[in-house]
Amino acid sequence: MDTPVATSNRHGVDGPAGRLRVLYVDSECDDITAVKETLSGSTDEFTVTVCETADDALKTLEDASYDCVVSEYRLPDRDGIELLRAVRDQSFDLPFLLFTDDGDESVASNAISAGVTDYVTKTPLSEQTELLRQRITSAVARSQEEADILDRMTDAFFALNEDWEFTYANERGRRVIGRAMDVDGDTTDLLGRNIWEAIPSLEGTEFSKQYRQAMTQQEPTSFEAYFEPLQTWFEVSVYPSPTGISVYFRDITERHEHEEEIRGRERTLREIYRVISRKDLDFEDKVDRLLEIGQNALGTETAALSRIDGDMYVFEIVRDPTGTTEAGDAVPLDATNCERAVVEEKTLVLADIAEDRPELTDRAGYTEMGVSCYLGTPVIVDDSVYGTFCFYGKKPRDSFSEWEVTLVELMGNWVSYEQERERREQELTRERNRLEEFASVVSHDLRNPLNVAFGRLTLVDEEYDGDPEHVEALRRSLERMDELIDDVLALARGGHKVIDATETSLDDIITAAWDTVESSNATLERIDTDARVTGDQTRLQQLFENLFRNSVEHGSTSSRTGSDDSDDHVTVRVGTLSDGRGFYVADDGPGIPEDERDEVFERGYTTSDEGTGFGLAIVSEIVDAHSARITVSESEDGGTRFDVTGIQIE
């Protein structure tokens, strides 16, 4: 009762184009005749193959492919639901219709659970065969549309039954599976094959682990994994069912490579930061490390920092594993590729010198040293080209990436900055040394005649019978000159940064500072000063001396409106700030007007006829030398409060 093979469809059947091939399973002759007449006589051009038993139907499905299976529920060897389950083991998407009068709600429910496509009753047969034709046409159309969608989607897809046999794979999935089957395997007979036998290299991988776990736990899962045989990263989504699993996957190798490239760049940048921030390395050691980092990132053999000395190109710091070039070597500038970077004052990128700049191939760098690729950036110091920071190799490259160019420019810019900073620090050191030398000379030249004046004043005082106020006025003037000399020296030395900070007792510094202040009419109160302070002990003591002196000299109660001169007394409080942030000095004097607080640290600012105007300026410079900060505000008692933050207190 078989009808010849007909249509060509996605299951690979050969036959007349446009015909739908139906496998009809039934043992009732009258029903078979009615179905064949209705389907074969329609304009849809059905080709019908008939099997009377379920076993015959399964054998027929093994030998050929069909667009649809139609089955009676009651069959001689098994029922239609059992046949449906067997068909689903082979194909998850082949349309399967039950055409019967023997079913009930239980049968219908079981059929739906097993994956039936449609359910059509036979009675009355003359009318229902036409309905069956329509349902077959509709089911096949839906199935083919779904298959087309699967084939068109960007994800690869395949389905496995509960025995791990392929029941479907879209075109993209077949291509990937074919590559994995012992390298470009044939997927013509893929359906029905066991995945572990078809692709044995899957065993023991993350893929086999996740597939089996999804099947066992009946829970969907997604993961990313690398498949070594194909050297490919895949993003995979697995959806299980009682009859198998559906697997969607896509190649994400390019994304993974991009992410790894980003991570590599981040590692390189972190490594650069660690190098340039290390305080135990000098400039030459840091540059050497940067050259090594650049070599590893670019894959070039040689790296160098060089300087221009007239018409010569001098290698200062070199990394050359061959030993061909060493630090101190010098070659004519016009024999190098760096000459172009120097003249043009911009980064020179030559992936293949012979192709990119053939006019440079007659230079010694190309002909004698064999330099075929070059990437270098000029080092600019004080608006002039100092030299180059460059990398080169003996093999031409396809290209230098934008990232590689940026990396070299970044490191070259740091070298330029460090060279400028070092040059400026040297200039500042020379200026400071000259200033300090000048201040010392001036101090010495002034103190000699000043000491003579003090000595003569003593003799005059002993012999002079006139108004003693004249002598005292002269003495105060000489003492003021002595203070000015001390302050000038302090200012000259105050700008030096504190390099060798030491830890000492804060109480000891405060005590030593207070002992130098004329404080007969002043009281010192300490609040939480039993602590350790880190800094330059001598300069910190001078800071406290000047702050104490400022409070005593400018904070007397006699300067307040309506105060009694006999009560010329001031209280000075010293305390530490919370969290070890620093310390403060406050008094109960008249305070500083808010609009004048920004001026108090300027040189020459004073409100006292006897003040030099340098005391708080010296305090400010000592604070700056400790990389700290000082602010002025009103104290709780209405006087002045100075807060110094940024000096470590423990």
Side-chain angles (χ1 to χ4, degrees), residues 272 275-278 281-298 300-350 353 357 359-360 362-394 400 404-431:
I272 289 174
V275 168
I276 64 178
S277 62
R278 286 183 59 175
L281 297 179
D282 59 20
F283 174 75
E284 288 74 17
D285 287 335
K286 290 181 179 180
V287 172
D288 184 70
R289 300 287 181 89
L290 293 183
L291 291 172
E292 181 182 12
I293 292 171
Q295 280 180 299
N296 294 334
L298 274 63
T300 57
E301 294 96 335
T302 308
L305 169 65
S306 304
R307 62 179 170 84
I308 309 304
D309 186 3
D311 295 332
M312 300 300 290
Y313 181 80
V314 182
F315 292 88
E316 285 198 332
I317 304 172
V318 183
R319 292 192 64 85
D320 182 0
T322 67
T324 304
T325 307
E326 297 180 350
D329 289 351
V331 297
L333 178 60
D334 58 10
T336 68
N337 297 309
C338 296
E339 185 260 352
R340 287 292 85 202
V342 171
V343 171
E344 298 171 7
E345 294 191 15
K346 64 180 182 180
T347 302
L348 182 63
V349 183
L350 301 174
I353 294 175
R357 298 288 286 269
E359 70 274 14
L360 299 179
D362 60 350
R363 300 196 173 195
Y366 186 86
T367 59
E368 297 178 11
M369 299 175 64
V371 177
S372 295
C373 66
Y374 174 91
L375 175 55
T377 190
V379 175
I380 309 296
V381 179
D382 293 335
D383 298 324
S384 298
V385 178
Y386 172 87
T388 61
F389 188 80
C390 62
F391 301 83
Y392 50 90
K394 295 185 176 182
F400 283 106
E404 291 171 328
V405 174
T406 301
L407 178 66
V408 172
E409 290 179 338
L410 175 67
M411 293 190 290
N413 288 341
W414 179 83
V415 173
S416 297
Y417 167 79
E418 281 296 297
Q419 292 277 53
E420 285 190 352
R421 187 186 63 80
E422 188 171 299
R423 182 174 294 182
R424 288 197 179 97
E425 283 193 354
Q426 290 173 353
E427 292 175 355
L428 286 173
T429 299
R430 286 194 295 269
E431 288 295 327

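Side chains included, hydrogens not; waters and symmetry mates left out as well; all remaining heavy atoms used. Everything numeric in this text was worked out from a predicted model, so none of it was measured.
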### Task
Flag the pair Y366 / L360 as yes when at least one side-chain heavy-atom distance between them is below 4.5 Å, and no otherwise.
no

### Distance-minimising heavy-atom pair for P378 and T347
CD-N, 3.8 Å

## Note on the structure
When every non-hydrogen atom of G387 is compared with those of I308, the smallest separation belongs to CA-CG1, 3.9 Å

### Message
So which atom in T300 and which in F391 form the shortest heavy-atom distance, rounded to 0.1 Å?
### Response
OG1-CB, 3.5 Å

#### Entry: Side-chain donor-acceptor contact under 3.5 Å, S384 with D382
no

### Task
For residues Q426 and E422, determine if any side-chain heavy atom of one lies less than 4.5 Å from a side-chain heavy atom of the other.
yes

### Query
Any side-chain heavy atom of E345 sitting closer than 4.5 Å to one from V385?
yes

### Least distance between heavy atoms, V318 atom then A327 atom
CG2-N, 3.9 Å

### Task
Could you walk me through whether D288 and R319 pass side chain to side chain contact (heavy atoms under 4.5 Å, CB included), step by step?
CA-CA 7 Å; D288 184 70; R319 292 192 64 85; 3.2 Å; yes

### Task
Measure the CG-CD1 distance between L298 and I293 for me, rounded to the nearest 0.5 Å.
12.0 Å

### Task
Go through the side-chain N and O atoms of Y313 and T336 and say whether any donor and acceptor fall under 3.5 Å apart.
no

#### Entry: T325 to D320 - nearest heavy-atom pair and separation
N-OD2, 2.9 Å

### Query
How long is the gap from CG on L350 to SG on C373, to the nearest 0.5 Å?
9.0 Å

### Task
Check the surroundings of atom CZ in R357: do more than 12 heavy atoms from other residues, nucleotides or ligands lie under 6.0 Å from it?
yes

### Message
With a 6.0 Å cut-off (strictly less than), is the heavy-atom count around OH of Y417, excluding the residue itself, greater than 12?
### Response
no

### Exercise: identify the closest heavy-atom pair between C390 and C338
SG-SG, 3.8 Å

### Query
Is it true that the side chains of Y392 and S372 contain a donor and an acceptor less than 3.5 Å apart?
no

### Query
Heavy atoms, side chains only, cut-off 4.5 Å: are Q419 and V415 in contact?
yes

### Query
Do F389 and L291 have side-chain heavy atoms sitting under 4.5 Å apart?
yes

### Query
Can you find a heavy atom in the side chain of L407 that is under 4.5 Å from one in the side chain of I272?
yes

### Close side-chain approach of L375 to L348, heavy-atom, < 4.5 Å
no

### Task
Evaluate the criterion side-chain hydrogen bond (donor to acceptor under 3.5 Å, both in side chains) for residue pair E316 and Y386; output intermediate values, then yes/no.
CA-CA 11 Å; E316 285 198 332; Y386 172 87; 2.6 Å; yes

### Query
Is there a donor-acceptor contact under 3.5 Å from the side chain of D329 to the main chain of E326?
yes

### Message
When you compare the side chain of T377 with that of K346, does any pair of heavy atoms fall below 4.5 Å?
### Response
no

### Query
Just how far is it from atom CG of L290 to atom CH2 of W414, taken to the nearest 0.5 Å?
5.5 Å

### Message
If you apply the rule salt bridge (Lys or Arg N to Asp or Glu O under 4.0 Å), what do you find for R363 with E339, and how did you get there?
### Response
CA-CA 11 Å; R363 300 196 173 195; E339 185 260 352; 2.9 Å; yes

### Query
Which residues pass the salt bridge (Lys or Arg N to Asp or Glu O under 4.0 Å) test with E425, sequence neighbours left out?
R421

### Message
I'd like to know if E418 and K286 make a salt bridge, using a cut-off of under 4.0 Å between side-chain N and carboxylate O.
### Response
no

#### Entry: Distance, nearest 0.5 Å, that separates CG of L305 from CE of M411
11.5 Å

### Any donor-acceptor pair under 3.5 Å from D282 side chain to D285 backbone
yes

### Message
With a 3.5 Å distance limit and no angle check, can you tell me whether Q295 reaches the backbone of E301 through a side-chain donor-acceptor pair?
### Response
yes

